[in-house]
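In what follows, a structure is listed as structure tokens, so that the remarks can point back to it.
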Amino acid sequence: MKSKVISYLFSICFVLWVYNAIAQKKIGHETEEQKNKRMEWWKQDRFGMFIHWGLYALPARHEWVKSNERLTNEEYQKYFDLFNPDLFDPKKWAKEAKAAGMKYAVLTTKHHEGFCLFDSKYTNYKATNTAAGRDLVKEFVDAFRAEGIKVGFYYSLLDWHHPDYTVDYYHPLRPSNDADTAAFNRLNANRHMAVYRDYIYHQITELLTKYGKIDVLWLDFSFPNKGGHGHGKDKNDWGSVSLLKQIRKLQPSIIVNNRLDLNEYEDGGDFATPEQVKTSALAKFKGKTWETCQTFSGSWGYYRDEHTWKTNRQLLDLLITSVSNGGNLILNVGPTARGEFDYRANKALDSIGYWMHANSKAIYGCTFAPDGFKAPDSTKLTYNATTKRLYLHLYDYPSDGLLKLPGYKNKIKYAQFLHDNSELKYVEDGNDIILKLPVQKPLYEIPVVELVL
Ligand code: GLC
């Protein structure tokens with residue numbers, strides 16, 4: 001009898017243990033349905049603009065220059081003293097974003113260097129105390145909202161200026177040997193993360209209470225165990241759980257990225273953030289909620305001498321491939337120290353705008369193709385489930401104008417070019433459809449065929 005009771009209790013414990021291991025923890029109480037509603041616009045809009053702008057635009061050689069070159073606060077001070085963005089005109093930025101077809105924009109309110117573009121009452125290291133003399137975040141918010149673009153804030157969890165932010169693996173003042181814990185300890189003797197943690201909490205509170213409705217919050221980033229010697233930073237350093245609770249309380253409909261190191265929680269972030277990955281790496285995110293963040297040329301801040309700019313075709317491929325795998329693209333611009341997009345950025349945005357003007361229906365509200373539709377050779381597919389239109393993005397235009405749609409027989413009702421709604425005839429061939437395109441390729445880098453299902 002006794003042994004039966006013991007084995008019974010043992011089974012209960014085992015079931016509870018398995019349940020605990022499987023069930024993910026939650027921070028809030030939002031239902032699946034509420035979450036879907038909250039994420040609706042974001043999944044619909046698909047294409048956003050990232051803006052990385054700060055003091056690092058002056059050295060113009062990477063937004064990590066302070067860490068890369070191990071600059072002290074004193075050495076970095078000249079960029080603060082000389083910051084004078086006389087051409088800053090966010091209305092122009094917003095118009096450029098809109099013309100490129102971008103529906104939301106996320107600005108660095110503070111990057112790792114610690115400089116705040118907003119008028120925070122918790123620091124003097126801010127735009128209001130430079131020649132700019134005003135709250136640049138406020139102007140960004142007003143300008144983008146006026147163009148109907150949703151606004152988001154990027155906020156760096158790292159801070160290489162704050163006196164209480166402890167020296168870690170990435171800090172400009174880090175010891176030359178990652179394993180030299182004693183040296184880290186010496187440097188951190190008078191630094192108190194708890195004070196810095198409060199600073200984050202207060203600044204996030206300012207950002208989410210002083211600028212009206214904020215659509216996206218992009219927090220960057222956690223690096224637990226980085227280097228393997230305990231000099232990384234994680235959710236405990238940031239106070240991530242209470243921070244996220246505060247964010248949700250202040251802005252219940254805001255969408256938050258996943259870099260708070262809260263992956264163990266089901267609701268620890270709203271979307272995954274594959275950074276600067278190749279298009280071939282995006283397929284594995286299919287079915288998840290995600291946004292890939294990408295640059296024009298490699299760095300995020302303005303980098304004068306970087307000459308690895310992506311072509312129009314590569315940028316379009318990023319956008320199309322993101323949507324064809326059910327995700328978003330946020331494409332970054334790094335304005336110059338004078339506060340404007342440089343000619344290379346403008347040219348890239350204009351070319352995207354030219355394509356989007358004609359083909360945005362294959363992007364907005366779209367996702368991956370339903371099962372049973374295989375992408376014909378040299379094409380990628382996107383699909384709008386509401387209008388039941390399937391889009392073929394023609395990467396290599398067939399020289400004879402004939403395109404085989406494998407297994408598409410009885411699946412389509414009509415075909416046309418998307419850019420001008422001109423009919424495309426087709427014939428059946430066994431189970432396939434042969435689409436007859438004009439021999440002359442339309443004047444779009446990647447023309448799009450719209451199929452009515
Ligand atoms: C990285 C970099 C950073 C950039 C960000 C954008 O984590 O630290 O410079 O802001 O990614 O995704």
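Order of appearance sets the numbers: ligands from 1, and atoms from 1 within every ligand. Atoms considered below: every heavy atom in the structure, side chains included; atoms not considered: hydrogens, waters and symmetry mates. All residue numbers refer to positions in the sequence shown, counting from 1.
Under the 3.5 Å distance criterion, with hydrogens and angles disregarded, no donor-acceptor pair is assigned to the side chains of Y122 and E206. Side-chain atoms of T295 and N332 include no donor-acceptor pair closer than 3.5 Å. A donor-acceptor contact closer than 3.5 angstrom is absent between the side chains of N359 and Y391.
For the pair K25 and Y265, the cation sits on the ring face: its NZ or CZ lies under 6.0 Å from the ring centre, inside 45° of the axis. Stacking of K210 on the aromatic ring of F118 is not recorded, the 6.0 Å distance cut-off and the 45° axial limit not both being met. Relative to the ring axis of F271, K43 does not place its NZ or CZ within 45° and under 6.0 Å from the centre.
Residue H111 has at least one nitrogen or oxygen atom sitting less than 3.5 Å from a nitrogen or oxygen atom of ligand 1, judged on distance alone. At a 3.5 angstrom cut-off on N or O pairs, W300 does not count as close to ligand 1.
When hydrogens are left out, the protein atom nearest atom 8 (O) of ligand 1 is H112 NE2, 2.7 Å; that is the closest non-hydrogen contact. Of all protein heavy atoms, the one closest to atom 5 (C) of ligand 1 is D220 OD2, 3.2 Å. Protein heavy atom closest to atom 2 (C) of ligand 1, with residue, atom name and distance, is W64 NE1, 3.5 Å. Protein heavy atom in closest approach to atom 10 (O) of ligand 1: H52 NE2, 2.5 Å. Ranking protein heavy atoms by distance to atom 1 (C) of ligand 1, first place goes to E275 OE2, 3.2 Å. Residue, atom and distance of the protein heavy atom nearest to atom 9 (O) of ligand 1 are E63 OE2, 2.7 Å.
For ligand 1, the atoms sitting less than 4.0 Å from at least one non-hydrogen atom of Y154 are 10 (O), numbered in the order shown with element in parentheses. Atoms of ligand 1 found under 4.0 Å from any heavy atom of C293, numbered from 1 in the order shown, are 12 (O). Residue-ligand proximity, F221 to ligand 1, at heavy-atom distances under 4.0 Å covers atoms 7 (O), 8 (O).
For R259, the closest heavy-atom approach to ligand 1 falls below 4.0 Å.
Within the 4.5 Å cutoff, the side chain of W355 has heavy atoms near those of the I320 side chain.
D142 pairs by the salt bridge (Lys or Arg N to Asp or Glu O under 4.0 Å) definition with K138, not counting sequence neighbours. Residues meeting the side-chain hydrogen bond (donor to acceptor under 3.5 Å, both in side chains) test with Y397, sequence neighbours left out: none.
Contacts between W218 and ligand 1, counted as non-hydrogen atom pairs separated by less than 4.0 Å, involve the side chain only.
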